[in-house]
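Notes to accompany the following structure.
Each chain gets a letter, A, B and so on, in the order the sequences are listed, and its residues count up from 1.
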Amino acid sequence: MPLFAITPAVLSVDGLAAEVAALASRAGEGCGAVTTFAGLVRAHHQGRRVRYLEYEAYEPLALKAFAQIQAEASEAWAGAVLGMHHRTGRLEIGEASIVIAAASAHRAEAFAVCRYAIERVKQIVPVWKHEYFDGGEAWVEGAIADPSDAHAREQAKARACASA
Amino acid sequence: MPLFAITPAVLSVDGLAAEVAALASRAGEGCGAVTTFAGLVRAHHQGRRVRYLEYEAYEPLALKAFAQIQAEASEAWAGAVLGMHHRTGRLEIGEASIVIAAASAHRAEAFAVCRYAIERVKQIVPVWKHEYFDGGEAWVEGAIADPSDAHAREQAKARACASA
Amino acid sequence: MRVRIKLFAQLRDRAATGDVACELPAVDAATVADVWDALIVMHPALTPFQSSVSSAVNAEYAKRQTRVHDGDEVAFLPPVSGG
Amino acid sequence: MRVRIKLFAQLRDRAATGDVACELPAVDAATVADVWDALIVMHPALTPFQSSVSSAVNAEYAKRQTRVHDGDEVAFLPPVSGG
């Protein structure tokens, strides 16, 4: 299983978790902690009843953005292994749009890397969410993508609780 | 699947994640984020080569400690659903000793609750780890369990990055 | 009065038993501390844990001054190391 | 020189196409900004995105002043909303 993927297929968080755990277990101190994040499609958003979502990606750039996030995470938390899969196409309520898994010797790094990754995905990965709700549809407003914005990166790090 | 368990059986993080997601999806804003943590047995610890571990628990009190952690988490992050399973008995390298899953409408709460839970488990849940390594065995030194210690609780909250 | 003491992990290893029956004088206000004191008379090897031990009465966390009653289960817990 | 423009999400919807062929004067120093300027001449409905659009050249993030060359793929990206 690749660590980074943009795919129309149903996502598997446990498969990705097993993959990062296996890689981390062969590294320095071994694998003592695996964290995962899954983002699911909610039935309600901003007071509207959501019917389904459609995600679109600029795949080659998205994979490079994943690689940048991995490099940033490795710089901040050496030794952690990170995997991220983002789904595209039509998603029903309750389905996962993204799964992230991080493995490390110790839990602080595994939590920080996983949280950092989702924050950065929302900042710089070229994926767009189109919401189909009762009575209409709309592209969801997001973040202006700037991969070299140091402030955004620091904000993601702060949310990852880098100091703990 | 029960949200809280002490069990000699192999743990399933994805089963527990599905359970908390299903419960959260029926609550107020629905389920938009699921986080999980798995603690795995590492092959090396404090410079020793670990052969296997044995975990022992005071089960009825451990289940009450889980319930206390859930109550504390609900107080701090309303609406998040939390599940925790701790394994007992002999565990081989790479096996999970604990799995935690948290589900919420939004990611900040799901991450915070999951991290808070593992910090509190290490502080107040009556479980003990016996390490069998090359050349000997030892009970692993832990934390003096005091469920009413407000300082410990604040420390766990700080590590959960409660402000983010 | 009679209480049943449960010991875990290192405490059980040091006492070479996880279950100790303990007879206390039938005072009005016996506490967890009294049970501990009786325990270390029977098992002096546990004395070093005095400052780090936690306790529970009938599978609820308790304090040193928590009252115990006839038939209670009193558990002594070394520092925990789960997770 | 000729570049291929790729548009995504709202931009594609507004332009009613995701692929635009763009002919630029064969200047020495054409930039992403020049491509954008040519694009909004062809698709004025995209003008409101001027301040929020990001860009990529050959599937690498680029800046307004990034140089473009004949045959390049230049992508314009509205604010992202993945995750």
Side-chain angles (χ1 to χ4, degrees), chain A residues 12-18 21-22 24-26 28-47 49-50 93-108 110-112 114-116 118-119 121-122 155-164, chain B residues 12-18 21-22 24-26 28-47 49-50 93-108 110-112 114-116 118-119 121-122 155-164:
Chain A
S12 160
V13 69
D14 43 312
L16 189 59
S25 71
R26 293 198 279 273
E29 288 189 274
C31 180
V34 180
T35 57
T36 71
F37 171 78
L40 309 186
V41 179
R42 288 194 298 134
H44 301 274
H45 184 228
Q46 298 181 330
R49 187 168 183 82
V50 177
I93 306 301
E95 289 193 306
S97 54
I98 186 166
V99 296
I100 298 176
S104 187
H106 306 288
R107 69 188 180 283
F111 273 105
C114 194
R115 179 78 197 266
Y116 181 77
I118 181 60
E119 298 300 326
V121 164
K122 286 175 175 282
Q155 195 173 52
K157 238 173 161 170
R159 289 187 170 178
C161 216
S163 60
Chain B
S12 161
V13 69
D14 44 312
L16 189 59
S25 71
R26 293 197 281 272
E29 288 190 273
C31 181
V34 181
T35 56
T36 71
F37 171 78
L40 309 186
V41 179
R42 287 195 297 135
H44 301 274
H45 185 227
Q46 298 180 330
R49 187 169 183 81
V50 176
I93 306 302
E95 290 193 307
S97 53
I98 186 166
V99 295
I100 298 176
S104 188
H106 305 287
R107 69 188 181 286
F111 273 105
C114 194
R115 179 78 197 268
Y116 182 77
I118 181 61
E119 298 300 325
V121 164
K122 286 176 175 280
Q155 195 174 51
K157 239 173 160 170
R159 288 188 171 178
C161 214
S163 60

Compile the donor-acceptor pairs under 3.5 Å between side chains in residues 28-40 of chain B and protein atoms, sequence neighbours left out, one pair per line.
{"from": "B/Glu29", "atom 1": "OE2", "to": "B/His106", "atom 2": "NE2", "distance (Å)": "3.4"}
{"from": "B/Thr35", "atom 1": "OG1", "to": "B/Ala110", "atom 2": "O", "distance (Å)": "2.7"}
{"from": "B/Thr36", "atom 1": "OG1", "to": "A/Thr36", "atom 2": "OG1", "distance (Å)": "2.4"}

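- In terms of non-hydrogen atom pairs under 4.5 Å with chain B, the most contact-rich of A/Ser12, A/Ala105, A/Ala17 is A/Ala105.
- Taking both residues in full, the closest heavy atoms of B/Cys161 and A/Ala158 are given as SG-O, 3.9 Å, listed atom of the first, atom of the second, then distance.
- Here B/Ile93 contributes atom CD1 and A/Ser25 contributes atom OG; the two are 10.5 Å apart, rounded to the nearest 0.5 Å.
- For residues 94-103 of chain B, a heavy-atom distance under 4.5 Å to chain A picks out no residue at all.
- Taking CZ from B/Arg107 and CZ from A/Arg159, the interatomic distance works out to 6.0 Å, rounded to the nearest 0.5 Å.
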